[in-house]
Number of protein chains: 2
Amino acid sequence: MQQMFNTPLYLQIREQIFDALRSGRWATNDPLPSETKLASEFDVSQGTIRKAIDDLVAQNILYRHQGRGTFIRRHDEQQSLFRFFNLARADGTKPVPESMNLHCKTRKGLKHECAALQRPTGERLIEILRLRRLDGQPVILETILVSQQLFPDLNKRDLPNTLYELYGDEYNVYITRAEEQIKSILPDATMQHHLEIGKTTPLIEIQRIAYDLHNQPVEIRISQCVTGDFVYACSLN
Amino acid sequence: MQQMFNTPLYLQIREQIFDALRSGRWATNDPLPSETKLASEFDVSQGTIRKAIDDLVAQNILYRHQGRGTFIRRHDEQQSLFRFFNLARADGTKPVPESMNLHCKTRKGLKHECAALQRPTGERLIEILRLRRLDGQPVILETILVSQQLFPDLNKRDLPNTLYELYGDEYNVYITRAEEQIKSILPDATMQHHLEIGKTTPLIEIQRIAYDLHNQPVEIRISQCVTGDFVYACSLN
DNA sequence: CAGTGGTCTAGACCACGTA
DNA sequence: ACGTGGTCTAGACCACTGC
């Protein structure tokens, strides 16, 4: 096959592989077909397949393991606990977060919430409130909002510490990236109570929107965090 | 040339190119020698040079421009204003920051400051205090600390809005990455005065350590920011 | 041992920028 | 028209994994 149209071949292949991934064509735990097999299937050279996969690896959608194969990146317990978790001790090490669910209910979504999730206005959302402890201290109060349509019966399940793993395993929704916005706030009565702080202890509030493979917003997560022993850590390049 | 020893050729080449960059072998504004020239110089194929440069581009040390050549990434006015600037409006757009210098002096570094900069304890540091305005409002109070040894007479200069450009142009110190830690604080009297806020307005405090090409810490920067109309924005992958 | 990804080559042609 | 980076190929060999 030759490069036709104006978009490079490897980008076309990348999109085709990406579509195949989303359609569930390959089992989540098995390796993808080898580069040479994909090359003959798509009728391009192995180097072109390689470049396409390079991109998907860079996007953290696939990963390679020499000698074993190429695999779909999953949110499993270990990574999921840390990959999207930016709170660290002052020395840069990361604590293991525990979580306790405070409530889980359904309610009508507010206008701006539905808009952020790109769902019809007024759709029912599932709201989860939980408290997270780091090194035993209550540090984070977290409100999670998802569409009930996309996650039927999520509210009737046992909710694990790592929700993104559950989203993937049970609902075929794979979180690949997220955007966070941080501001500073003072605690209301609920926060004071659960986080065991006074009304003059300032908090950071992190608003996250998490996106799936299709780049669709899937979850809103608002975390109020006490930043005494812990800080929000971020790298710039 | 063949792959010898156990490290891949392209990594060896990458390090050699990197060394050449640091030694100032190529002018900062001219393109590097073309891939084919580098290939014959290092006696490897063009594809291997390409892979080496790919890495340096991914690290944001070089950039390519098709048809023109490969260049050293500089902190120039435009990018520098935004590249390491994570405050955004709630809708995600970025304001143009202005800055006003409040003072610039030298003083003996505290123990933890010298340690963070990997300089001898008690060395003299240059301290710059400035106020930044976004959309006309005073939003950020910023304290900058660098070694006087590394930046002689910096305190006697006119300080531009984009310091990293000055570091590169005048001191051959190129900032390539930074680490930030964020926590929430209440303002002291100085902050209240300059940021025009009351004592109950919570702020976020960003502590940044910026690193140069050698991966040496070069600058400490502590910013206190009002997060009313602006938020700290960050992407997770 | 066979099969996977990882490296490396040599050479072709394309797309862009400059003069 | 020419030189640059960008894409693509076909084929070689290496390094790791699992049987």
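The chains referred to below are lettered A, B, ... by the order of the sequence lines, with proteins before strands, and numbering in each begins at 1. No experiment lies behind these values; they were computed from the predicted model shown.
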> Hey, is B:E142 close enough to B:R130 for a salt bridge, meaning N to O under 4.0 Å?
Replying inline: yes
> Partners of A:Y174 by side-chain contact (heavy atoms from CB on, under 4.5 Å), sequence neighbours excluded?
Replying inline: A:T28, A:N172, A:L213
>> So if I take residues 23-38 of chain B and measure heavy-atom distances to DNA chain C, which residues fall below 4.0 Å?
In response: none
Let me check something: any side-chain donor-acceptor pairs from residues 84-91 of chain B under 3.5 Å, sequence neighbours excluded? List them with distances.
{"from": "B:N86", "atom 1": "ND2", "to": "B:Y232", "atom 2": "OH", "distance (Å)": "3.0"}
{"from": "B:R89", "atom 1": "NE", "to": "B:D135", "atom 2": "OD2", "distance (Å)": "2.9"}
{"from": "B:R89", "atom 1": "NH1", "to": "B:T93", "atom 2": "OG1", "distance (Å)": "3.0"}
{"from": "B:R89", "atom 1": "NH2", "to": "B:D135", "atom 2": "OD1", "distance (Å)": "2.8"}
{"from": "B:R89", "atom 1": "NH2", "to": "B:D135", "atom 2": "OD2", "distance (Å)": "3.3"}
{"from": "B:D91", "atom 1": "OD1", "to": "B:T93", "atom 2": "N", "distance (Å)": "2.9"}
{"from": "B:D91", "atom 1": "OD1", "to": "B:T93", "atom 2": "OG1", "distance (Å)": "2.7"}

> With sequence neighbours left out, what residues match B:Q66 under side-chain contact (heavy atoms from CB on, under 4.5 Å)?
Replying inline: none
>> Check the phosphate of C:dC16 against B:R68, side-chain N and O only, distance under 4.0 Å to OP1 or OP2. Yes or no?
In response: no
> Under the salt bridge (charged side-chain N to carboxylate O under 4.0 Å, His left out) test, which residues partner A:E180, sequence neighbours left out?
Replying inline: A:R208
> Taking only residues two or more places apart in sequence, or in another chain, which ones meet A:D169 in a side chain to side chain donor-acceptor pair (under 3.5 Å)?
Replying inline: A:R74
> Can you name the side-chain contact (heavy atoms from CB on, under 4.5 Å) partners of B:L62, sequence neighbours left out?
Replying inline: B:L21, B:L32, B:I53, B:L56, B:V57, B:T70, B:I72
> CZ of A:R14 versus P of D:dC8: gap in Å, rounded?
Replying inline: 12 Å
> Expressed in angstrom and rounded to an integer, what is the separation of A:L9 atom CG from D:dA10 atom C1'?
Replying inline: 15 Å
>> Any residue in residues 46-66 of chain B with a heavy atom nearer than 4.0 angstrom to DNA chain C? Just list them by number, or reply none.
In response: B:T48, B:K51, B:H65, B:Q66
>> I want to confirm an ordering. Mapping A:G67 and A:L11 to their closest nucleotides on DNA chain D, which one lands closer to the 5' end?
In response: A:L11
> Who passes side-chain contact (heavy atoms from CB on, under 4.5 Å) against B:D19, sequence neighbours left out?
Replying inline: B:R22
> Roughly how many Å is it from CZ in A:F71 to P in C:dG3, rounded to a whole number?
Replying inline: 17 Å
